[in-house]
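Here's the structure, in structure tokens; my notes come after.
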Amino acid sequence: MPIDSDALASLAGDYAKGMTSIRGRRVQRLLRREFAGAEQVRLVRDESGTAAVLGFSPGGGAFCCTDGRGGHASVVRWRHGSTEALESRYDLLKDSLPLLGSHAATLEGPRRWARGAESENGAIAF
């Protein structure tokens, strides 16, 4: 069952704290749009304290890490058991958050973040 929309909105708001008001709203909207089908969505941090969002569903997962300062934000998606992912970049300079482009990506980044989240939240399956 997909995550509750209010819970996702709350998580997106927490993630966007500290971003400028316009970029923060756009990042929240991007997260609500791209992670709406996920069953689990988690905020995670790396060793330096940088935050990211990990989402998981029965078919796969998604990952986003942005501070809202650049011109785009990327969402990396993969299917469980896959060795590759698809990274999609979205334009943070436009309200509609249009897709700028997509390309194949490795799973190393999301796996590194997931390893950090395991100690806090239990095991995460790829």
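Basis for what follows: all heavy atoms, side chains included, without hydrogens, waters or symmetry-related copies. Just so it is clear, the model here is predicted, and its values are computed rather than measured.
Checking each of Asp95, Thr66, Thr20 against Arg26 for a side-chain hydrogen bond (donor to acceptor under 3.5 Å, both in side chains) leaves exactly one that passes, namely Asp95.
In this structure, the separation between CE on Met19 and CZ on Arg69 is 9.0 Å, given to the nearest 0.5 Å. Here the straight-line distance linking atom CH2 of Trp78 with atom OG1 of Thr106 works out to 11.0 Å at 0.5 Å rounding. Remark: Ser88 OG to His72 NE2 distance equals 11.0 Å, nearest 0.5 Å.
Follow the hydrophobic side-chain contacts under 4.5 Å out from Leu86 and you never reach Leu31; the two are in separate clusters. Leu100 and Leu92 end up in different hydrophobic clusters when Ile, Leu, Val, Met, Phe, Trp and Tyr side chains are linked at under 4.5 Å. Both Leu97 and Val27 sit in one connected hydrophobic cluster of ILVMFWY residues. Membership requires side-chain heavy atoms under 4.5 Å apart, directly or through other members.
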Checklist line | Working for side-chain contact (heavy atoms from CB on, under 4.5 Å), residues Ile3 and Phe35 | finding: CA-CA 9 Å; Ile3 188 170; Phe35 288 82; over 6 Å; no

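In the displayed structure, Ile22 atom CD1 is contacted under 6.0 Å by at most 12 heavy atoms of other residues, nucleotides or ligands.
Nearest heavy atom pair, residue Gly70 against residue Asp67, reads N-OD1, 4.1 Å. Heavy atoms only, all atoms of each residue included: Gly24 and Ala16 are closest at O-CB, 3.6 Å. Between Pro2 and Ala36, the closest heavy-atom pair is CB-O, 3.6 Å. The heavy-atom pair separating Arg45 from Ala51 by the smallest distance is NH1-CB, 3.4 Å. Nearest heavy-atom pair across Ser74 and Cys64 is O-SG, 3.4 Å. When all heavy atoms are compared, the tightest approach of Ala85 to Leu107 is CB-CD2, 3.7 Å.
Formation of a donor-acceptor pair under 3.5 Å by the Glu39 side chain with backbone atoms of Met1 is found in this model. At distances below 3.5 Å, not a single donor-acceptor pair connects side-chain atoms of Arg42 with backbone N or O atoms of Phe56. A donor-acceptor contact shorter than 3.5 Å links the side chain of His80 to the backbone of Ser57.
Counting heavy atoms from C-beta on, the side chains of Leu43 and Val53 come closer than 4.5 Å.
Residue pairs meeting the side-chain hydrogen bond (donor to acceptor under 3.5 Å, both in side chains) criterion with at least one member in residues 27-37, sequence neighbours excluded, are Glu34-Arg77, Glu34-Tyr90. Within the structure, salt bridge (Lys or Arg N to Asp or Glu O under 4.0 Å) contacts touching residues 81-90 (residues at least two apart or in different chains) do not occur.
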